[in-house]
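Everything below concerns the one structure shown next.
In the text below, chain A, chain B and the rest are named by the order of the sequence lines, each starting its count at 1.
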Number of protein chains: 2
Amino acid sequence: MKISEASGECGLSPDTIRFYEKSGLVQIARGADGLRRFSPENVEWLTLLYWLRQTGMPMKVMHRFASLYQQGAETIGDRTALLLQHAEHLRTRRQELDCCELVLAHKVSTYEALERSIA
Amino acid sequence: MKISEASGECGLSPDTIRFYEKSGLVQIARGADGLRRFSPENVEWLTLLYWLRQTGMPMKVMHRFASLYQQGAETIGDRTALLLQHAEHLRTRRQELDCCELVLAHKVSTYEALERSIA
DNA sequence: ACTTGACTTGGAGTAACTCCAGGAAACTAG
DNA sequence: CTAGTTTCCTGGAGTTACTCCAAGTCAAGT
């Protein structure tokens with residue numbers, strides 16, 4: 001699988017995939033032609049990275065995670081812990097969304113009241 | 001009110017407040033000593049900006065919003081529309097969180113299964 | 001043979017901060 | 001009244017995580 005197809009499957013842009021490879025988050029094999037060839041495992045890994053990044057995990061933490069991943073099976077406990085911590089972080093984000101929704105609803109209702117008082 | 005107190009109330013760092021002022025998102029009066037003096041209205045506005053930014057509104061859109069705000073009451077309809085659109089965006093974000101939560105839960109459960117199969 | 005399209009690299013540009021150096025004004029302790 | 005600490009100011013450099021671009025290679029289609 002070449003980069004555009006992998007990009008379509010994992011959600012990351014080709015540029016971002018190359019950037020992640022350069023910074024060591026993923027290792028991708030090359031064909032005899034020098035082009036990147038993505039394995040299903042590559043795609044699964046990149047998809048996971050996509051979701052972690054999309055929900056605000058910083059690169060530093062992703063690097064820690066990637067380093068554990070590359071060390072193999074004995075780091076699964078640490079990886080689980082890291083993912084659970086990120087799940088905790090998602091709850092915080094959700095509370096932020098809730099809070100912002102309240103702020104918006106309040107603001108919109110005062111705007112609507114203002115508009116009625118003008119009209 | 002001076003900048004550190006305003007920062008504490010609105011959630012933005014002093015540096016970010018200065019950055020927002022420089023880029024035109026807010027106008028802040030100065031005292032005779034040259035220091036910024038924040039009105040309650042300033043703080044309310046900055047708090048709104050904080051929430052919009054925190055939930056992913058890009059600077060470009062915030063500038064549009066700020067420009068409407070500075071044009072006065074006749075832009076309230078436009079401002080309401082903009083906020084409602086952002087509220088829509090919040091729903092998208094929440095779906096992303098949901099989706100990531102599923103991905104994480106699945107990954108954690110496969111990790112746990114793997115760990116049991118090793119141990 | 002030639003164009004088109006997907007890929008490669010290295011490097012510049014961008015968004016939105018964040019930090020820092022250097023300096024002024026004010027408050028606080030001795 | 002002086003010395004030190006805090007809080008503020010400005011302009012500018014540094015950071016994160018991309019994103020875009022120029023210049024070049026290679027394979028496939030017409």
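- Proximity of B/M57 to B/L49: side-chain heavy atoms (C-beta onward) are nowhere separated by under 4.5 Å.
- Between A/W45 and A/F65, the distance separating the two ring centers is shorter than 6.0 angstrom.
- Of the residues in residues 22-41 of chain A, A/R30, A/G34, A/L35, A/R36 come within less than 4.0 Å of DNA chain C through at least one heavy atom, sorted by number.
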- Sugar-phosphate or base contact per nucleotide [nucleotides 13-23 of chain D; S, B, -; heavy atom under 4.0 Å]: ----SBSB---
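- Between A/T55 and A/R93, every side-chain heavy-atom pair lies at or beyond the 4.5 Å cut-off.
- Straight-line distance from the CD1 atom of B/I3 to the C1' atom of D/dT6: 15 Å, rounded to whole Å.
- Counting heavy atoms from C-beta on, the side chains of A/R37 and A/R30 never come closer than 4.5 Å.
- Note that the first and last nucleotides of DNA chain C, 5' to 3', having any atom under 4.0 angstrom from a heavy atom of chain A are C/dC7 to C/dT9.
- Annotation for A/Q71: atom CD counts as buried by contact number, over 12 foreign heavy atoms lying within 6.0 Å.
- Using a 4.5 Å cut-off on side-chain heavy atoms (C-beta onward), A/M59 and A/F19 make contact.
- Under the 4.5 Å side-chain criterion, counting only non-hydrogen atoms from C-beta, A/E9 is in contact with A/E5.
- Looking at A/H86 and A/L90, their side chains come closer than 4.5 Å, going by heavy atoms from C-beta outward.
- B/L35 and B/I3 fall into different hydrophobic clusters, where Ile, Leu, Val, Met, Phe, Trp and Tyr residues are linked whenever their side-chain heavy atoms come under 4.5 Å apart, directly or through other members.
- Considering B/L83, B/I76, B/L82 in turn, B/I76 is the only one that fulfils the side-chain contact (heavy atoms from CB on, under 4.5 Å) rule with B/R79.
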